[in-house]
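Notes follow the structure.
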Amino acid sequence: MSVDGIHWERGSSRASGGDSTDVDGAAHDQRTSSSPDVTRTLEKADSKVVRAVEESDNDPFRNLPAHEAEILKRQVNTPNVKTGFAMLYRYASTNDLLIIAVSSLCAIAGGAALPLMTVIFGNLQGTFQSYFAGAGMTYDEFVSEMTHLVLYFVYLAIGEFVTIYVATVGFIYTGEHVSAKIREHYLESCMRQNIGFFDKLGAGEVTTRITADTNLIQDGISEKVGLTMTAVATFVSAFVIGFVQYWKLTLILTSTVFALMFCMGGGSRFMIKYNKNSIESYALGGSVAEEVISSIRNAVAFGTQDRLAKQYDAHLTKAEYFGFRTKTTLGCMVAGMMLILYLNYGLSFWMGSTYLIDGETSLSKVLTIMMSVMIGAFNLGNIAPNVQAFGTAIAAAAKIFSTIDRVSPLDPTSDAGERPDHVEGTIRLEHIKHIYPSRPDVVVMKDVSLEIPAGKTTALVGASGSGKSTIVGLVERFYDPVAGKVYLDGRDISTLNLQWLRQHVSLVSQEPTLFGTTIYGNIRYGLIGTKHEKESDEKQRELVIEAAKKANAHDFISDLPEGYETNVGERGFLLSGGQKQRIAIARAIVSDPKILLLDEATSALDTKSEGVVQAALEVAAEGRTTITIAHRLSTIKDAHNIVVMTQGTIVEQGTHDQLLERRGAYYNLVTAQNIAKVNELTAEEQAEIDNEDDKLIRKMSAQDGAAGSCENPQDDMRAKLHRSTTQGSASSRALQGHKAEEQKQYSLWVLIKLIASFNRTDWQWMVFGCFWSAICGGGNPVQALFFAKQIITLSQPLLPGLTDQTKKDSDFWSVMYLMLALVMFIAQLFQGIAFAKCSERLIHRVRDRAFRTLLRQDVSFFDKDENTAGALTSFLSTETTHVAGLSGVTLGTLIMVLTTLISACCLALAIGWKLALVCIATIPVLLACGFFRFYMLAHFQRRSKNAYEQSASYASEAISAIRTVASLTRETDVITQYQHALAAQQRSSLNSVLKSSLLYAASQSFLFFSFALGFWYGGTLIAKYEYDQFQFFVCFSSIIFGAQSAGTIFSFAPDMGKAHHAAAELKALFDRKPDIDTWSTDGAEIDSIEGTIEFRDVHFRYPTRTEQPVLRGLNLTVRPGQYVALVGASGCGKSTTIALLERFYDPLVGGIYVDGKEISSLNVNQYRSFIALVSQEPTLYQGTIRQNILLGVSHEVTDEAIEFACKEANIHDFILSLPDGFNTVVGSKGALLSGGQKQRIAIARALIRDPKILLLDEATSALDSESEHVVQVALDKAAKGRTTIAVAHRLSTIQRADIIYVFDQGRIVEEGTHTELMRKNGRYAELVNLQSLEKSG
């Protein structure tokens, strides 16, 4: 049982604690000695995840004294707000409420008017009947009566158009307006919050709330409210009409409503259940995919792509199973609705004929009731999805309003607090104890007292996590300390006005944050809140230029084509680090602050920019109170006071010379850094090397026929030469390489072929489905025939002897309706099942193939910004499902629509060609109405999402840079800009809504114009006795109702546009052939490797960062069985060397040879099988320990081999001590194990390959000292008898190496054993001294 096993709780909590330094060393030792009950500890270890969850439910501050906990809680807690539906409208203005009232009236009127159509329809039939029955109507009387009724259709159409238009526009407008107000208040509230609040939430969550959650609210208060009102009104008015016409029949037909509700309710319950299962099983697959893609180097190095893809596939199979169930249920639901629809016709005529013969009602009333009940019942179905939207809106509002109503403990916008007239700039910290609210278990500062005199420079130095940056946060008052006070000129800063305080303090941080505007705009932000804010433009420009000159930035800004008006891009990504930093300095000093805080302002820069920026800072600091935090000590020699900190306390302070005399902690730091100086290149030498590098690459590209390092390696290099033998400067060439891969345009036919290829094996299912689709399409015309037959039968004059015969005939047609209902049910069901099968199989196969193709790509593909693990995982989950839109389902839909239309037209033309032609003319209108009615609703939803993308990205930029915003006191400025952005978007979206609502209103009302035309022309034909009622009703109902239903079917088809886009993306992915292709069988076969490795003059730049040379002429030799260590500062090319050896990339110039063969000539999979990699972050996948170890080999392995590998890796005892041994589940990404345990399992996985070459990439750097020791022992064991290359940060780990190579800027500057190099007293010695200091510090 290793030490590591006992302490893993401790270790993991520390690893997650960020940069906190380990304070409880002593506590550890006690625990180690006093823990006889090892098994108990292990049980504890095993249940770590469960524990962690409980802990977060309880109070994280419980170990702290009450008053401290109170201070921290105040900084992070948020009250919960109760919301009801009315709460959503709390920001609605009087105008909004008026518009809502008018829109509601219109929505209700529009809904109530819809069923009136059935009354007109019934009356027209009555008129026809009485005309034929010869009830003494003359031709003229009949025509005037008929035109009178037909005009009602026209009036109805106009009324419907107006009301629906007003209602839609009104609700969408108020929805936008109110949600914009909510967004505004939300951002305003965020700007008021203290920094601790964001530490806990994370900028990401705040951004999702401002985008996703406000979209949900907008969704719940926009057109859906109107739609729901319309639907309810239609339902009510339909039944009112029915009961008024004849209550008995209406009451009987009410059963259809319950049948429909039962069908939809039951169906949707199952759908929700299966859908949840399907989403869950896919989510597991998605997390496998995410794990694999985020650790792609590991998968590539071990050649495990195929096995991981199989794991993914297992989840897909499950998701397919549930997905099939979901879609089948949907099919059953549609089939059930069809069944009810036709049964309803049968029932109406069967019961209606009984009442009719008893003389209780008339045929026209039966028709009216039958149609209005159908309309009412189907409208009830439209309500359910909307109710859900209201629910989600209220839930989303609760989260947002709780932030809006949160009172910030440190509110920068409040006017409370003093605003002294004069600032000296003396800062004093007294007995400060500080804990970050987001990490309540770590004390960052303990009883620190420090005097910072006015107008002097004070420097803070110390290891990371010693509390230097905390002082800056306290002076800016980002946080309140839990004990002690900070004074400015003798006043407690908590009594001062916060905004006033921050206006007198300027901060330049390590990572400068610029905003997406011009350079001038960025520097001008420094003037906000100062006396210069309201000055004229000229005066401001003067100040800005003055500041830029001081910050050494004026020259490079003036050289830019647009000078100060150059836009810096989002977060300033168009500028280099040094340029951004100088602009940030200019911004900090433009307002001439009394206090300047420099938080490692130069640490992120390279040597060249550092000098320039340092000079700028020295100018800036003159005559101000300056607090500098520095890593490089040379930058703070001249400070008036240097404060050395360790673990949250001050160890010593004094001037540079005083501290050197003391020979304490500071002296050690300085001596270490001085040695470094000796071997550093001067700027000239540096430039010389850069030059050489460029020349060489240019020369190579000319010989080799490749266009330099910078072209995208994906393009065919040989083909390039003919175009570009001349080359510009290195950087201009670098930019050429940044072009994205061209998007090829694929024709629809190519894409359909691609998708059909996935469904090739299911052709029987497809044919089966299409057959039943055709049958479904035929249902409508047949129904029209039965309908006309019923009308003819029932409109016979009821003579005493004929009543029985009439009833018998009518019942025959009612039974035919029953038969039709069953046939349609079966047809709908079968085609639903067939296409569900096809589309789920399609999605499964597409996902599987897409995932395998992703794993085939080379590593440089995953380096690209657009191919992050998140982006690729969401591509796998969403794009692949859209593809179904071009598959069998769509085909089935098209067949159904076509058969409906063709059979309807044929029937009508055969029976009465004149009326048929007139009706056929209206088909396009009817199809469009049916389609747009649903399409526009989807369109409204998409529109509201897209409209706010820009303002949302603006808000998220401000929120993710909240510290910068706060220190510049830019809060009000951000809010005003956001308001402008929202207002502009509202104006533009109002225009688009006014236009798109026209289409929607038209689709609801133009139906009636077609009815009017049909009835009017049919009526004239009937008046002349050219046609009888049978011909009229067959032609009219087959075409008009047929086209209407066809239009509706269209809207059910999955989104074709999305499908086309998704298919094109997949096609592009499938066609992409990587440079280093793991699927290829090319390259020389190799059976064994000795292990001699040579790098010959290797030059390399990463394909995604071509302007950054990484290796410049690396030469390095490793003999078989040697243990070689690579050391050097970060970014000097050590890890790149490992990546090139694994052949993740190919070098641009030079070659890598193993046993004298160049590795690019070998078969890549075979070559990699001789190498094992242990990287810094051990990657474990979901599954058991055994499965994870077995990923190291592709063939079967005995249990002995596994155990041997585990013993070698020093993990065997630990695994056996777990209750499930090798079958212990490691959790997602190995979350249930500590860092050290994961790392040793990763070593076991590397050893089971029995590799000839072992690569260790900082294998222990992420561990704490105890685990590191255990893992180091395992590594030393593992390296015996193999060629081993280790990259090390901690030099103590590689002292026993056979040869140590010291890297600097992509070249080797020293080599030798530890003792040789220490004697040289060069680069290596300096690194060693540096590290021994950090330890003692």
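The chain is numbered in sequence order, starting from 1.
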Practice prompt. Please list all pairs passing the salt bridge (charged side-chain N to carboxylate O under 4.0 Å, His left out) test where one or both residues lie in residues 873-888, with sequence neighbours left out.
Written response: none
Worksheet item: Tell me, do Phe861 and Arg1072 make a side-chain contact under 4.5 Å, heavy atoms counted?
Response: yes
Worksheet item: Taking only residues two or more places apart in sequence, or in another chain, which ones meet Asp1077 in a salt bridge (charged side-chain N to carboxylate O under 4.0 Å, His left out)?
Response: Arg856, Lys1073
Pairs of donor and acceptor atoms involving the side chains of residues 831-839, under 3.5 Å and at least two apart or interchain, shall be tabulated with distances.
from	atom 1	to	atom 2	distance (Å)
Gln831	OE1	Ser773	OG	2.9
Gln831	NE2	Gln828	OE1	3.4
Ser839	OG	Lys327	NZ	3.1

Worksheet entry | Criterion side chain to side chain contact (heavy atoms under 4.5 Å, CB included) on Tyr274 and Arg269, from CA distance to verdict | CA-CA 9 Å; Tyr274 288 135; Arg269 251 198 63 199; over 6 Å; no
Worksheet item: So do the side chains of His1061 and His882 get within less than 4.5 Å of each other, counting heavy atoms only?
Response: no
Item to complete: Over all heavy atoms of both residues, which pair between Val883 and Ala1059 is shortest? Give the atoms and the distance, please.
Response: O-CB, 4.2 Å
Worksheet item: Can you name the nearest heavy-atom pair linking Ala309 to Asp848, along with the distance?
Response: O-OD1, 4.2 Å
Worksheet item: Got a second to check how far Arg847's CZ is from Leu854's CG, nearest 0.5 Å?
Response: 13.0 Å
Discussion item. According to ring-ring contact (aromatic ring centres under 6.0 Å, His included), who are the partners of Tyr312, at least two apart in sequence or on a separate chain?
Written reply: Phe851
Worksheet entry | Ile1215 side chain reached by Cys1206 side chain, heavy atoms, under 4.5 Å | yes
Fill in: Asp1220 side, atom CG; Ile1185 side, atom CD1 - distance, nearest 0.5 Å
9.0 Å
Discussion item. Could you tell me if Asp1257 and Ser1135 have a donor-acceptor pair between their side chains, going purely by distance under 3.5 Å?
Written reply: yes
Worksheet item: Shortest non-hydrogen contact from Glu1142 to Ala301?
Response: OE2-CB, 3.4 Å
Worksheet item: About how many Å separate NE2 of His315 and OG of Ser287, when rounded to the nearest 0.5 Å?
Response: 6.5 Å
Worksheet item: Relative to Phe324, does Arg841 satisfy both conditions: NZ or CZ under 6.0 angstrom from the six-membered ring centre, and within 45 degrees of the ring's axis?
Response: no
Discussion item. Distance to the ring centre below 6.0 angstrom and angle to the axis at most 45 degrees; does that hold for Arg1245 and Phe302?
Written reply: yes
Discussion item. Please enumerate all residues that pass ring-ring contact (aromatic ring centres under 6.0 Å, His included) together with Phe1222, with sequence neighbours excluded.
Written reply: none
Item to complete: Compare all side-chain heavy atoms of Thr1078 with those of Leu855 and state whether any distance is below 4.5 angstrom.
Response: no
Practice prompt. For Gln305, enumerate each residue passing the side chain to side chain donor-acceptor pair (under 3.5 Å) test, keeping only those at least two apart in sequence or located in another chain.
Written response: none
Fill in: Short side-chain donor-acceptor distance under 3.5 Å, Tyr321 and Ser281
no
Fill in: Ser179 side chain to Gln218 side chain, donor-acceptor N/O pair below 3.5 angstrom
yes
Discussion item. Taking side chain to side chain donor-acceptor pair (under 3.5 Å) as the definition, give me every residue that meets it alongside Asn298, ordered by chain and number, with sequence neighbours left out.
Written reply: Thr1179
Discussion item. For a quick test of reading the model, state the closest non-hydrogen atom pair linking Ile217 to Ala396 and the distance between them.
Written reply: CG1-CB, 4.1 Å
Worksheet entry | Between OG1 on residue Thr78 and NZ on residue Lys399, distance to nearest 0.5 Å | 12.5 Å
Worksheet item: Less than 4.5 Å apart, any side-chain heavy atom of Leu1180 and any of Leu1233?
Response: yes
Discussion item. Counting only heavy atoms not in Trp763 (residues, nucleotides, ligands), do more than 12 fall under 6.0 Å from its CH2?
Written reply: no
Worksheet entry | Residue pair Ser1169 / Arg1249, side-chain donor-acceptor N/O under 3.5 Å | no
Worksheet item: Does the side chain of Pro1178 come within less than 4.5 Å of Arg1240's, by heavy atoms?
Response: no
Item to complete: Sequence neighbours left out, what passes side chain to side chain donor-acceptor pair (under 3.5 Å) with Tyr186? Give chain and number order.
Response: none
Worksheet item: Do Val846 and Leu842 touch side chain to side chain, with heavy atoms closer than 4.5 Å?
Response: yes
Worksheet item: Is any side-chain N of the basic residue among Arg297 and Asp863 closer than 4.0 Å to the acidic one's carboxylate O?
Response: yes
Worksheet entry | Check: Arg845/Thr761 side-chain N/O donor and acceptor closer than 3.5 Å | yes
Worksheet item: Do you know the tightest heavy-atom contact between Lys224 and Ala389?
Response: CD-CB, 3.7 Å
Item to complete: State, yes or no, whether a side-chain contact exists between Phe1070 and Leu754 at a heavy-atom distance under 4.5 Å.
Response: yes
Item to complete: Carefully, step by step, assess Leu1069 and Phe875 under the rule side chain to side chain contact (heavy atoms under 4.5 Å, CB included).
Response: CA-CA 11 Å; Leu1069 174 67; Phe875 171 80; 3.9 Å; yes
Worksheet, complete the sentence: Heavy-atom closest pair (Gly1221 atom, Thr1224 atom, distance to 0.1 Å) is O-OG1, 2.6 Å
Discussion item. How about CD on Glu1196, more than 12 heavy atoms from neighbouring residues, nucleotides or ligands closer than 6.0 Å, or not?
Written reply: no
Fill in: Nearest-0.5 Å distance that lies between atom CD1 in Ile1211 and atom CD1 in Ile1241
5.0 Å
Item to complete: Decide if atom CD of Glu280 counts as having more than 12 heavy atoms of other residues, nucleotides or ligands within a radius under 6.0 Å.
Response: yes
Worksheet item: Which residues pass the salt bridge (charged side-chain N to carboxylate O under 4.0 Å, His left out) test with Asp306, sequence neighbours left out?
Response: Lys310, Arg852
Fill in: By salt bridge (charged side-chain N to carboxylate O under 4.0 Å, His left out) - contacts of Arg1186 (at least two apart)
Asp1199
Discussion item. Under the rule for salt bridge (charged side-chain N to carboxylate O under 4.0 Å, His left out), what residues qualify as partners of Arg849, not counting sequence neighbours?
Written reply: none
Discussion item. Once side chain to side chain donor-acceptor pair (under 3.5 Å) is applied, do any residues pair with Asn386, and if so which ones, sequence neighbours excluded?
Written reply: Thr228
Worksheet entry | Straight-line distance of Leu1247 CG to Ile1202 CD1, nearest 0.5 Å | 13.0 Å
Practice prompt. Evaluate the side chain to side chain contact (heavy atoms under 4.5 Å, CB included) criterion for residues Phe1144 and Ser860: first the C-alpha distance (whole Å), next the side-chain angles of each, then the deciding distance (0.1 Å), finally the verdict.
Written response: CA-CA 8 Å; Phe1144 291 155; Ser860 60; over 6 Å; no
